[in-house]
Amino acid sequence: INTSTLKEELSEQGIVLDTNYNSHNYSLIDPTHIEMVVENLVKNAKEAIPESKIGKLVSVSVYDQFCNQTITDHLGNRVNLHGDYVVLEVQDTGSGIANENLSKVWNHFYTSKKTRGHGIGMAIIENSIAMHKGAYICVNSKLDQGTKFTIYFEATPATDTKIKTIGAESSGSIETI
């Protein structure tokens, strides 16, 4: 995931973009869609952090996790996860999302932004994640503390020579995170 342009953009507003890529598992993804997901989540995070906030931080992490648990996805569905997953998290120290708005953010044309935004970014993110078999997105948010989006991708055996590791240049339409 190339975040250098995002780091510059956030730095101009006094926001630190912290990245931690610590995954050794593989997951088949569409790199273009995942880059767009990360970019949209980071830009939304940037807009959610008040200028007056001390300790402005957005973090992007990728790590491996063995799951044997039930999660609640972004739509409130209970999902049983079992096995190895590659997890992508985007977390911010912004204003958070009110509980009554958590389910609304996925609706087309819903926006809480006063001056800009078309309300399609989160719907595009949802559709991009839905295109990946065995992928689930969860959101946790606390007002005045921030929001964390966690995306689980089923791990895949690394038997395909087209599979690349995170951060590698993509030469095809399949890449790992």
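Being a predicted model, the structure only gives us computed values, none of them experimental.
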For this session: In sequence, state the C-alpha distance, the side-chain angles, and the governing distance for Val37 and Ile151, and then conclude on side-chain contact (heavy atoms from CB on, under 4.5 Å).
Result: CA-CA 10 Å; Val37 165; Ile151 306 169; 3.8 Å; yes
For this session: With sequence neighbours left out, write down each residue that passes side-chain hydrogen bond (donor to acceptor under 3.5 Å, both in side chains) with Asn68, or none if nothing qualifies.
Result: His82
Nearest 0.5 Å please: distance from the [atom1] atom of [X] over to the [atom2] atom of [Y].
X	Y	atom1	atom2	result
Glu35	Asp30	CD	CG	10.5 Å
Leu17	Glu9	CG	CD	10.0 Å
Ser61	Asn22	OG	CG	9.5 Å
His33	Ile124	NE2	CD1	10.0 Å
Asp18	Leu10	CG	CG	11.5 Å
Lys56	Ser11	NZ	OG	10.5 Å

Do you reckon [X] sits in the same ILVMFWY cluster as [Y], going by side-chain contacts under 4.5 Å, direct or chained?
X	Y	answer
Val42	Val16	no
Leu143	Leu57	no
Phe66	Val87	no
Tyr21	Phe149	yes

Identify the two heavy atoms, one from [X] and one from [Y], that lie closest to each other, and give their separation to 0.1 Å.
X	Y	value
Leu28	His132	O-CD2, 3.9 Å
Gly94	Asp92	N-OD1, 2.7 Å
Tyr136	Ile71	CB-CD1, 4.1 Å
Ser128	Met36	OG-CE, 3.0 Å
Phe153	Ser27	CB-OG, 3.0 Å
Gly96	Thr147	CA-OG1, 3.5 Å

With a 4.5 Å limit on heavy-atom distance, are the side chains of [X] and [Y] in contact?
X	Y	result
Val79	Leu81	yes
Ile15	Lys53	no
Asp84	Asp64	no
Asn44	Met122	yes
Thr93	Val58	no
Ile34	Leu88	yes
Lys46	Leu6	no
Ser141	Leu102	yes

Exercise. Does the side-chain contact (heavy atoms from CB on, under 4.5 Å) test come out yes or no for Lys7 and Thr19, once each step is laid out?
Worked result: CA-CA 10 Å; Lys7 279 186 180 190; Thr19 55; 3.6 Å; yes
Exercise. If you draw a 6.0 Å radius around CD in Glu51, do more than 12 non-hydrogen atoms from other residues or ligands fall strictly inside?
Worked result: no
Exercise. Can you name the salt bridge (charged side-chain N to carboxylate O under 4.0 Å, His left out) partners of Glu39, sequence neighbours left out?
Worked result: Lys43
Exercise. Got a sec, which residues hit salt bridge (charged side-chain N to carboxylate O under 4.0 Å, His left out) with Lys148, two or more places apart in sequence or on another chain?
Worked result: Glu89
